[in-house]
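Residues: numbered from 1 along the sequence shown.
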Amino acid sequence: MFAPSPIARVMQPFIDDQTIPGVVTLVATRARVLAFDALGWADVADRIPMRTDHLHWIASMSKPIAGTALMMLVDEGKVNVNDSVEHYLPEFCGQWLTVERDDEHALLRKPLRPITVRDILTHTSGLPFKSPIETPTLDLLPLKTVVGSYAMLPLDFEPGGKYQYSN
């Protein structure tokens, strides 16, 4: 076990004043763990202390983590944010764009340009918030299945045209 780190000392006041119930922090280099702390409560009502091995549902907080990892690949020259998504995920080749829609019909056309990696990172891809197969809830299907379902959907607007939060 690790002694409380300077990070733990910084985080403790947030637990003490009930801003957050609990937290797990990890700081590491490629060579070693520098700090690994669990503070506060995993369950406030039942007074279950936070442990470093508790599992947490972080939902959309995975987006900045994935974005950081992707930008590391950009720094290494393995990904270019201006490339089309179909360069890396061929399923996205041949996307369509919804021009008009009512309860019975949809008018589609080809978008002016394909979705880029930058569009995905900035939520300007034109992809809808969620895929119809993600019902009743998100995060239950394999990534490959979900990616394929998004690739089959027509875009809501031109790539780069506006901001719309999307999974």
Side-chain angles (χ1 to χ4, degrees), residues 5 7 10-11 14 19-20 22-38 52-167:
S5 71
I7 294 167
V10 170
M11 296 305 296
F14 295 101
T19 301
I20 58 174
V23 66
V24 175
T25 60
L26 171 70
V27 179
T29 67
R30 289 181 192 240
R32 67 186 183 98
V33 173
L34 301 173
F36 194 21
D37 300 294
T52 57
D53 65 346
H54 271 124
L55 297 178
H56 303 273
W57 185 60
I58 62 172
S60 291
M61 288 311 304
S62 61
K63 288 178 178 66
I65 296 166
T68 299
L70 183 85
M71 293 310 293
M72 291 169 73
L73 294 172
V74 169
D75 286 347
E76 294 171 6
K78 296 177 180 173
V79 175
N80 183 326
V81 296
N82 296 315
D83 283 345
S84 67
V85 170
E86 65 192 53
H87 177 78
Y88 303 98
L89 299 169
E91 301 92 331
F92 281 86
C93 187
Q95 288 275 184
W96 289 90
L97 170 73
T98 302
V99 178
E100 292 179 25
R101 181 186 316 247
D102 62 30
D103 291 340
E104 297 177 20
H105 303 92
L107 177 61
L108 305 175
R109 69 167 170 78
K110 288 292 195 181
L112 297 175
R113 66 168 177 81
I115 300 169
T116 65
V117 173
R118 181 183 311 273
D119 294 327
I120 296 292
L121 287 170
T122 59
H123 297 281
T124 59
S125 65
L127 292 170
F129 169 71
K130 71 177 191 170
S131 166
I133 69 167
E134 295 178 294
T135 301
T137 185
L138 304 172
D139 304 328
L140 293 180
L141 299 167
L143 182 59
K144 182 178 177 127
T145 301
V146 175
V147 167
S149 73
Y150 277 94
M152 290 188 285
L153 294 173
L155 302 176
D156 288 344
F157 55 87
E158 286 285 350
K162 70 178 189 175
Y163 172 89
Q164 176 176 280
Y165 187 83
S166 174
N167 287 305

Tell me the ring pair (Phe, Tyr, Trp, His ring centres under 6.0 Å) pairs involving residues 58-108, sequence neighbours left out?
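Pairs touching residues 58-108 that pass the test: none.
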Which residue pairs pass the ring pair (Phe, Tyr, Trp, His ring centres under 6.0 Å) test with at least one member in residues 119-141, sequence neighbours excluded?
His123-Tyr163, His123-Tyr165
So, using salt bridge (charged side-chain N to carboxylate O under 4.0 Å, His left out) as the criterion, who are the partners of Glu104 when residues are at least two apart?
none
Using a cut-off of 6.0 Å, state whether more than 12 heavy atoms not belonging to Asp103 lie near its atom CG.
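12 or below, so no.
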Neighbour count >12 (heavy atoms, 6.0 Å) for atom CZ, Phe157
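Result for CZ/Phe157: enclosed.
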Can you list everything that forms a side-chain hydrogen bond (donor to acceptor under 3.5 Å, both in side chains) with [X]? Sequence neighbours excluded, please.
{"X": "Thr122", "value": "Thr124"}
{"X": "Thr98", "value": "Arg101"}
{"X": "Asp102", "value": "none"}
{"X": "Glu91", "value": "none"}

Examine distances only and state if a side-chain atom of Ser125 and a backbone atom of Pro159 form a donor-acceptor pair shorter than 3.5 Å.
no
In chain order, what residues pass the side chain to side chain contact (heavy atoms under 4.5 Å, CB included) check against [X], with sequence neighbours excluded?
{"X": "Leu55", "result": "none"}
{"X": "Thr135", "result": "Lys130"}
{"X": "Leu140", "result": "Thr137"}

Nearest 0.5 Å, please: how far is [atom2] in [Y] from [atom1] in [X]?
{"X": "Leu121", "Y": "Lys63", "atom1": "CG", "atom2": "NZ", "answer": "12.0 Å"}
{"X": "Ile58", "Y": "Ile65", "atom1": "CD1", "atom2": "CD1", "answer": "4.0 Å"}
{"X": "Leu127", "Y": "Ile115", "atom1": "CG", "atom2": "CD1", "answer": "4.0 Å"}
{"X": "Ser149", "Y": "Leu141", "atom1": "OG", "atom2": "CG", "answer": "7.5 Å"}
{"X": "Tyr150", "Y": "Leu89", "atom1": "OH", "atom2": "CG", "answer": "13.5 Å"}

[X] to [Y] - nearest heavy-atom pair and separation:
{"X": "Leu153", "Y": "Gln95", "result": "O-NE2, 3.0 Å"}
{"X": "Ala38", "Y": "Thr52", "result": "CB-N, 3.6 Å"}
{"X": "Pro64", "Y": "Ser60", "result": "CD-O, 3.4 Å"}
{"X": "Val23", "Y": "Thr25", "result": "CG2-CG2, 3.9 Å"}

Assess the residue pair Leu34 and Ser5 against the criterion (side chain to side chain contact (heavy atoms under 4.5 Å, CB included)); give the C-alpha distance rounded to whole Å, side-chain angles, the decisive distance to 0.1 Å, and a yes or no.
CA-CA 8 Å; Leu34 301 173; Ser5 71; over 6 Å; no
Sequence neighbours left out, what pairs pass side-chain hydrogen bond (donor to acceptor under 3.5 Å, both in side chains) with at least one residue falling in residues 106-117?
Arg109-Glu158, Arg113-Asp119, Thr116-Asp119
Test side chain to side chain contact (heavy atoms under 4.5 Å, CB included) applied to Met11 and Ile20, step by step
CA-CA 9 Å; Met11 296 305 296; Ile20 58 174; 4.0 Å; yes
Give every donor-acceptor pair under 3.5 Å between a side-chain atom in residues 72-79 and any protein atom, sequence neighbours left out.
from, atom 1, to, atom 2, distance (Å)
Glu76, OE1, Lys78, NZ, 3.2

